[in-house]
Colleague: 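My questions all concern the structure below.
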Amino acid sequence: MLRIEHAHSLPVDDARARIAALCDYLNAKLGLTVSWSPDGSRAKVNGRYLVVTIDGSVIIGERAVVFEGKDPGMLWRGKAKEYLAGKLARYLDPQTPLASLRRS
């Protein structure tokens, strides 16, 4: 299991909107499929990018956002963690306006 947790200080609705923007970006850029829970607190992310199968969930909490998903294996684990941690840091940065975050 691959787990990445990113703490944030945003209101939950703002964090949710930012994660929705990130999910839109991942769908447009990488072709990943995203489906949301009815309450909007969890997104399921599925797809394939290059040779890596992506199957995980993004859980939006009051103090942190957590990605939990299938471990891509030893060769891709470091790159996957680096990429996802970087995207979470960028999209959950309160200094970055929501409107400036890429969706496509």
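Worth knowing before you read on, the calculation uses all heavy atoms, side chains too, and leaves out hydrogens, waters and symmetry mates.
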Colleague: What distance do M1 atom CE and K70 atom NZ have between them, rounded to the nearest 0.5 Å?
Modeller: 12.0 Å

Colleague: Nearest heavy-atom pair of S37 and S41: which atoms, and what distance?
Modeller: OG-N, 3.3 Å

Colleague: Return all side-chain donor-acceptor pairs below 3.5 angstrom for residues 82-99, not counting sequence neighbours, or 'none' if the list is empty.
Modeller:
| unit_1 | atom_1 | unit_2 | atom_2 | d |
| --- | --- | --- | --- | --- |
| Y91 | OH | R102 | O | 2.5 |
| D93 | OD1 | Q95 | N | 2.8 |

Colleague: Got more than 12 heavy atoms from elsewhere within 6.0 Å of CH2, W36?
Modeller: yes

Colleague: Check side chain to side chain donor-acceptor pair (under 3.5 Å) between D13 and all other residues, then give those that pass, not counting sequence neighbours.
Modeller: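 D13 satisfies side chain to side chain donor-acceptor pair (under 3.5 Å) with R16 only.
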
Colleague: Transitively linked via ILVMFWY side-chain contacts under 4.5 Å: L75 with I54?
Modeller: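 In one cluster: yes.
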
Colleague: Measure across V12 and G61 and return the closest heavy-atom pair with its distance rounded to 0.1 Å.
Modeller: CG2-O, 4.2 Å

Colleague: Would you please name every residue forming a side chain to side chain donor-acceptor pair (under 3.5 Å) with R77, sequence neighbours left out?
Modeller: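 R77: side chain to side chain donor-acceptor pair (under 3.5 Å) contacts with D71.
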
Colleague: So, using side chain to side chain donor-acceptor pair (under 3.5 Å) as the criterion, who are the partners of S57 when residues are at least two apart?
Modeller: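 Residues passing side chain to side chain donor-acceptor pair (under 3.5 Å) with S57: none at all.
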
Colleague: Is L10 reachable from I59 through a run of hydrophobic residues whose side-chain heavy atoms are each under 4.5 Å from the next?
Modeller: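 Each belongs to a different hydrophobic cluster.
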
Colleague: Show every side-chain hydrogen bond (donor to acceptor under 3.5 Å, both in side chains) that has at least one partner inside residues 43-53, sequence neighbours left out.
Modeller: K44-D55, R48-T53

Colleague: Which residues satisfy the side-chain contact (heavy atoms from CB on, under 4.5 Å) test with R3, sequence neighbours excluded?
Modeller: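 Listed in chain order: E5, V66, E68.
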
Colleague: Could you go through residues 19-34 and list every donor-acceptor pair under 3.5 Å that involves a side-chain atom there, pairing it with any protein atom two or more places apart or in another chain?
Modeller:
| unit_1 | atom_1 | unit_2 | atom_2 | d |
| --- | --- | --- | --- | --- |
| D24 | OD2 | R103 | NH1 | 2.5 |
| N27 | ND2 | L32 | O | 2.7 |

